[in-house]
Colleague: 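Got a structure here, written out as structure tokens. Questions coming.
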Amino acid sequence: MRKIAVAMAKGGVGKTTTAVNLAFGLSQLGHRVLLVDCDTQGQTSKFLGVNPKYGLYEFVTGRDKNGEYISRKDIIHPTRKNLWLIAGGIGLVELKNWLGEQPRDIRQTVLGNALLPKKGTLDYLIFDCAPGWDVLSVNILMAVDEVLCPVALQGPSLEGLKTFFGYLLSAQKLNSDLQLKYILPTMFDTRTRQSFEILKQLQKMFKRQICDPIHYNVRLSEAPSQGKTIFEYRSQAIGAEGYRKLIRRVDGDDDRKQ
Ligand SMILES: Nc1ncnc2c1ncn2[C@@H]1O[C@H](COP(=O)(O)OP(=O)(O)O)[C@@H](O)[C@H]1O
Ligand SMILES: [Mg+2]
């Protein structure tokens with residue numbers, strides 16, 4: 001099972017867009033994919049057009065807010081063929097409090113351990129992360145081996161990357177398997193010089209990790225309001241083409257094929 005965190009210290013850079021479209025694309029190739037929404041904003045459900053009753057709080061604690069036992073099969077929400085979701089949302093605030101109350105020696109690995117039984121039944125576990133750094137982010141970086149980092153080709157995006165590297169370094173001290181596997185340039189606007197300049201810098205800095213950029217594409221911003229992935233909404237859009245390339249690359253790195 002491959003475990004990938006889609007993470008970056010900044011919001012609005014395309015993390016959720018990437019996590020959702022990557023997860024869907026891999027599921028379409030026949031892989032069994034579980035997407036985990038780790039953001040209190042809970043956008044992943046909206047992007048997929050679903051409204052699960054339970055989410056990550058119930059999954060990790062095993063109970064609902066009233067203390068009633070909840071079965072995991074009622075929490076893992078089927079969204080498409082081969083694609084399941086554990087929802088995020090405001091309940092994650094309580095999850096973070098709960099994690100903070102766990103004994104120090106197990107606090108950072110609770111999430112990974114809760115997801116361990118999924119080994120063997122799944123091909124991909126993909127985490128859609130929140131921008132900040134807290135007990136939940138640490139848990140995610142303890143639970144994965146690979147990080148995919150979307151970087152917007154606009155604004156002060158390299159600053160966000162620097163902050164994120166700080167997070168990553170602290171996490172790598174605790175999880176030696178953790179590697180920055182992909183840098184995905186997003187919001188590539190061919191009309192602006194800034195886009196090309198940031199892209200060039202990224203290509204120089206991350207020769208191995210750099211992926212083909214995802215263009216700025218209004219279709220990508222419209223798809224979530226229809227509860228659809230870009231492939232279901234406009235499969236010919238340039239945004240769909242970009243994500244198709246990413247999916248091919250991630251799938252091509254699958255050890256099981258080599
Ligand atoms: N390549 C893109 N072109 C145009 N709009 C995009 C693109 N990627 C994402 N968006 C839109 O930008 C906003 C932020 O994207 P999102 O994936 O939610 O970022 P994050 O999860 O990092 O906060 C959303 O409204 C999304 O639909
Ligand atoms: Mg998001």
Side-chain angles (χ1 to χ4, degrees), residues 1-8 11-39 41-52 76-88 121-129 144 146-153 181-190 195 199 209-254 256-257:
M1 176 169 71
R2 286 179 72 185
K3 296 169 282 180
I4 307 175
V6 179
M8 172 58 165
V13 297
K15 290 185 296 298
T16 302
T17 306
T18 301
V20 165
N21 287 298
L22 174 64
F24 177 79
L26 291 168
S27 74
Q28 290 268 296
L29 293 176
H31 299 298
R32 293 166 63 86
V33 185
L34 175 60
L35 182 59
V36 185
D37 183 356
C38 299
D39 198 330
Q41 294 193 7
Q43 289 288 311
T44 316
S45 304
K46 184 187 155 205
F47 275 47
L48 283 166
V50 294
N51 193 9
I76 300 175
H77 193 87
T79 69
R80 307 286 193 276
K81 185 167 186 262
N82 290 333
L83 177 58
W84 292 265
L85 171 69
I86 301 181
T121 58
L122 284 176
D123 300 307
Y124 283 90
L125 193 53
I126 296 182
F127 294 86
D128 178 19
C129 301
V144 302
E146 303 174 50
V147 175
L148 186 162
C149 184
V151 183
L153 296 177
K181 190 77 177 273
Y182 306 103
I183 294 279
L184 179 69
T186 59
M187 318 265 182
F188 182 35
D189 185 347
T190 52
S195 262
L199 181 61
Q209 295 96 336
I210 194 85
C211 301
D212 286 335
I214 305 291
H215 280 74
Y216 180 87
N217 179 211
V218 73
R219 302 294 176 220
L220 279 168
S221 57
E222 289 166 359
S225 58
Q226 308 284 319
K228 289 179 176 172
T229 66
I230 190 65
F231 305 109
E232 297 161 316
Y233 179 63
R234 289 284 191 281
S235 69
Q236 298 310 313
I238 193 161
E241 197 40 57
Y243 278 112
R244 224 172 267 129
K245 274 193 197 159
L246 175 70
I247 291 152
R248 244 180 267 137
R249 170 152 177 187
V250 173
D251 181 50
D253 289 338
D254 199 325
R256 287 164 302 198
K257 293 190 164 176

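This chain uses plain numbering: 1 for the first residue, then up along the sequence. These numbers were taken from a predicted model, which means no experiment stands behind them.
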Colleague: Is Arg234 reaching over with its side chain to a backbone N or O of Gly239, donor-acceptor style, under 3.5 angstrom?
Modeller: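 Checking the backbone N and O of Gly239 against the side chain of Arg234, no donor-acceptor pair under 3.5 Å is found.
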Colleague: Check whether any side-chain N or O of Asp123 sits under 3.5 Å from a backbone N or O of His31 as a donor-acceptor pair, and report yes or no.
Modeller: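 It does not hold such a pair.
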Colleague: Of Asp189, Ile238, Thr186, which is the lone residue that meets side chain to side chain contact (heavy atoms under 4.5 Å, CB included) with His215?
Modeller: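 Only one option passes, and that is Ile238.
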Colleague: What is the minimum heavy-atom distance between Val151 and Met8, and which atoms define it?
Modeller: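 Scanning both residues, the minimum pair turns out to be CG2-CE, 4.5 Å.
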Colleague: Would you mind listing every side chain to side chain donor-acceptor pair (under 3.5 Å) that reaches into residues 14-25, with sequence neighbours excluded?
Modeller: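 Pairs touching residues 14-25 that pass the test: Thr16-Asp128, Thr18-Tyr243.
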Colleague: In terms of relative ring orientation, are Phe231 and Phe24 parallel, tilted or perpendicular, with 30° and 60° separating the classes?
Modeller: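 The arrangement is parallel - the two ring planes meet at less than 30°.
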Colleague: Leu184 and Asp212: which non-hydrogen atoms are nearest, and at how many Å?
Modeller: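 Distance-wise, the nearest heavy atoms are CD1-O, 3.6 Å.
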Colleague: Which residue, Val6, Leu22, Ile210, Leu148, forms the side chain to side chain contact (heavy atoms under 4.5 Å, CB included) with Tyr182?
Modeller: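 The side chain to side chain contact (heavy atoms under 4.5 Å, CB included) with Tyr182 is passed solely by Leu148 among Val6, Leu22, Ile210, Leu148.
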Colleague: Distance-only, no hydrogens or angles: does the Ser195 side chain make a donor-acceptor pair with backbone N or O of Phe188 under 3.5 Å?
Modeller: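 Side chain of Ser195 to backbone of Phe188, a donor-acceptor pair under 3.5 Å: no, none is there.
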Colleague: How far apart are the closest heavy atoms of Leu125 and Leu122, and which atoms are they?
Modeller: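 Heavy-atom minimum between the residues: CD1-CD1, 4.4 Å.
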Colleague: So which atom in Gly42 and which in Asp37 form the shortest heavy-atom distance, rounded to 0.1 Å?
Modeller: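 Minimum heavy-atom separation between Gly42 and Asp37: CA-OD2, 3.1 Å.
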Colleague: In chain order, what residues pass the side chain to side chain donor-acceptor pair (under 3.5 Å) check against Arg219, with sequence neighbours excluded?
Modeller: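 Expected list: Glu222.
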Colleague: When you measure from the side chain of Ser27 to the backbone N and O of Asn82, does any donor-acceptor pair fall under 3.5 Å?
Modeller: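 No, Ser27 side chain to Asn82 backbone: no donor-acceptor pair under 3.5 Å.
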Colleague: Give a yes or no answer on whether the side chain of Arg2 reaches the backbone of Val250 with a donor-acceptor pair at less than 3.5 Å.
Modeller: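 Yes, Arg2 side chain to Val250 backbone: donor-acceptor pair under 3.5 Å.
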